[in-house]
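One-based numbering along the sequence shown. Counting starts at 1 for both ligands and their atoms, following the listed order.
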Amino acid sequence: MTAGIQAAIALPELVEHIDRLLQAERFKDYCPNGLQVEGRARVQRIVCGVTACEALLEAAVDLEADAVLVHHGYFWRGEDPCVRGMKRRRLLILLKNEISLLGYHLPLDAHPDFGNNAQLGRVLEFKAEGPLLNGTESDLVWTGTLDSTITAAALAQRIERALGRAPLHIGAPEDEIRRIAWCTGAAQEFLEAVVDIGVDAYITGEASEQTVHVARECGLHFYAAGHHATERYGVQALGKHLTDTFGIDCRFVDIPNPV
Ligand SMILES: [Zn+2]
């Protein structure tokens with residue numbers, strides 16, 4: 001690679017583009033969306049990842065990235081704002097190396113093309129109907145259908161093949177599944193909301209103890225397919241869009257996480 005001819009973009013232009021694309025200001029979120037930590041003024045290379053953990057930041061340093069783009073960034077509502085220990089180490093890596101941190105949480109779940117929900121539907125080969133638009137947070141829940149009816153066990157296998165991780169499945173394996181609702185990440189609390197919309201199964205990332213009982217008693221198949229595993233695809237689609245649009249180098253770095 002010849003550094004001199006590689007495309008670059010000014011940081012404010014990059015941030016403005018993504019903010020506008022994802023309509024970041026539209027969301028009431030648990031964290032700030034957009035530029036969370038400011039690094040150098042020009043961006044040639046971005047490391048994309050699910051979570052801005054220390055291992056991802058180290059990868060960004062090794063790859064000489066100018067920015068890190070993630071779904072799970074920093075400064076979550078209710079967290080201790082003091083910069084100590086783990087937080088100090090993370091911020092030190094960013095600031096010392098002048099690497100920017102861009103974080104997009106709900107906007108990157110919800111986008112109709114680049115969002116985690118849209119992309120998970122694509123990866124699992126669902127015919128997406130789109131989000132449930134009832135004006136609440138559950139408009140992050142998408143619905144869709146399978147090409148043909150398959151058993152609940154076959155759907156579990158499809159999820160395992162596509163995501164490289166066996167899901168937790170609650171329900172009778174031989175039941176037939178045709179219509180599905182899904183929401184990436186930790187959206188197990190939406191299970192009760194989808195009971196009434198006429199789907200056979202609900203897929204999200206995580207499960208809670210009570211989720212199992214709700215699924216059993218409401219007669220809905222439930223799949224916990226992994227928080228990390230279900231949220232790897234939005235940031236990759238966004239990175240590809242940035243490469244296609246600006247010619248900048250975007251690389252997805254997967255830091256494995258079994259949850
Ligand atoms: Zn998440």
For this session: Can you sort out the partners of His228 under ring-ring contact (aromatic ring centres under 6.0 Å, His included), two or more places apart, ordered by chain and number?
Result: none
Exercise. Is Glu38 atom CD crowded by more than 12 heavy atoms from other residues, nucleotides or ligands, each under 6.0 Å away?
Worked result: no
Exercise. Thr204 pairs by side-chain contact (heavy atoms from CB on, under 4.5 Å) with which of Phe190, Phe222, Trp182, Tyr223?
Worked result: Phe222
Exercise. Which of these, Ile248, Ile99, Asp66, sits in a side-chain contact (heavy atoms from CB on, under 4.5 Å) with Arg45?
Worked result: Asp66
Seminar exercise, completed: Report for the Zn ion (ligand 1), protein N, O or S closer than 2.8 Å, by chain and number, lists His72 NE2, His227 NE2, Glu231 OE1
Exercise. Under 30°, 30 to 60°, or over 60°: which ring-plane class applies to Phe114 and His241, parallel, tilted or perpendicular?
Worked result: tilted
Problem set entry | Salt bridge flag under 4.0 Å for residues Arg158 and Glu125 | no
